[in-house]
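Excluded from the calculations below are hydrogen atoms, water molecules and symmetry mates; all remaining heavy atoms, backbone and side chain alike, are included. Please read all numbers here as calculations on a predicted model, not as lab measurements.
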Amino acid sequence: VRSWIEQGKIALNGALVFESQRTVAGGDTIEFFPTGQRHAGPKSDVPWVVHRDSQVVVVDKPAGVATVPYENSERDSLDRRVASVLGTKGRSAAIHVVHRLDKETSGLLVFARTDAALKSLKNQFRFHTTHRRYLAIVHGRAHSVTYKSRLIQDRGDGIRGSTNHPELGREAITHVRVLEVRGELSLIECELETGRTHQIRIHLSEAGHPLVGERVYSRGYTGPLESAPRLLLHAAELGFDHPTEGQRLAYKQDPPEDFLTFWAARAPAGTKSHVLPLPNAASPPLSAEARSTASPRTPAPRTNHERAAAAPRAASSFKASRPQGGSRGNSRSGSGKRSQSPPPRTSGKRRG
């Protein structure tokens, strides 16, 4: 069974898993693909490949997989999976990393397949003409607002954060819109105007609304922290101009089962979410008041090119039995307010 997992023959809730230590829960659906999926050729045979052509490949990244290896000894990463799928005759294809998602974050990601495509996409990200919309579940009752700050690698206590120094760090702008509130949790969407490391996590944490599952930027939160198997952040929409053809490409992907299940479990009896799964229509833009703190910009186009329906996959599946009592994990709580941070001990340099 461990060998099957490593060969890409096992899917958990519709997403391939490659880590044999992953834990299953009651209600999870496990699928077995006898012929494997990792080296399959046609797009429809690889469910997490959303689009591919001679220039780009768009994938739905599963949570728990790093975009690129953090260490040379790391055997599995998303870029290697994609290169393996695109390869022929047992050889991996050459691909280029354009942007990254945190290991625990799920959702849409694009890789370039040529040097020309890499240059085009890099410029689009640099000049903020791409469209990126994330879904997140955060603690507290959040507000629709725009967060704008300068992010540095070390705010004075060893972790990334914002600074008031006008010459340090890099500008980061996140537009937040509240979609639903359930108790002391909020489902929000975040549209990125810039793409800095941990930008969403930092801005929401500094605003007093750390993401559910957050373990780094939740130190100063004084309320009870909901437990979650991972960071509940999902890259739901991605849009960019095709590097050679020029047409606008736009993709939308529902959050995975763990995200949907967590939010559904917080609903009052007999109610359903009005925004999950994702509606076909694009969400309305933020109000002028919500964007009042951000610099003017031209909104990225949101035209959605419907992609072909995925061909049905032949697989055997079963559902894990659902336990009758108890709950997974223990809730955590933080105490004490964060003290005023000392002046940042940094030169402003950061990892790209």
Whether H198 and Y217 hold their rings parallel, tilted or perpendicular, with breakpoints at 30° and 60°: perpendicular
Partner set under salt bridge (Lys or Arg N to Asp or Glu O under 4.0 Å) for D60, not counting sequence neighbours: none
Residue from I137, L135, I200, L204 passing side-chain contact (heavy atoms from CB on, under 4.5 Å) with I188: L204
E237-H131 side chain donor-acceptor pair, cut-off 3.5 Å: yes
Least distance between heavy atoms, Q55 atom then A117 atom: O-CB, 3.4 Å
Distance under 6.0 Å and angle within 45° of ring axis: R266 vs F262: yes
pair P69-D79: side-chain heavy atoms closer than 4.5 Å: yes
Geometric class of the Y221/H139 ring pair [parallel <30°, tilted 30-60°, perpendicular >60°]: tilted
Polar side chain donor-acceptor pair, E214 to S205, under 3.5 angstrom: no
K148: which of E193, E171, E206 passes salt bridge (charged side-chain N to carboxylate O under 4.0 Å, His left out): E171
Pairing residues for H234 by the ring-ring contact (aromatic ring centres under 6.0 Å, His included) criterion, not counting sequence neighbours: none
Sequence-distant partners of H99, ring-ring contact (aromatic ring centres under 6.0 Å, His included), two or more places apart: F125
Short side-chain donor-acceptor distance under 3.5 Å, S106 and R230: yes
F127-F240 co-clustered via ILVMFWY side chain contacts under 4.5 Å: no
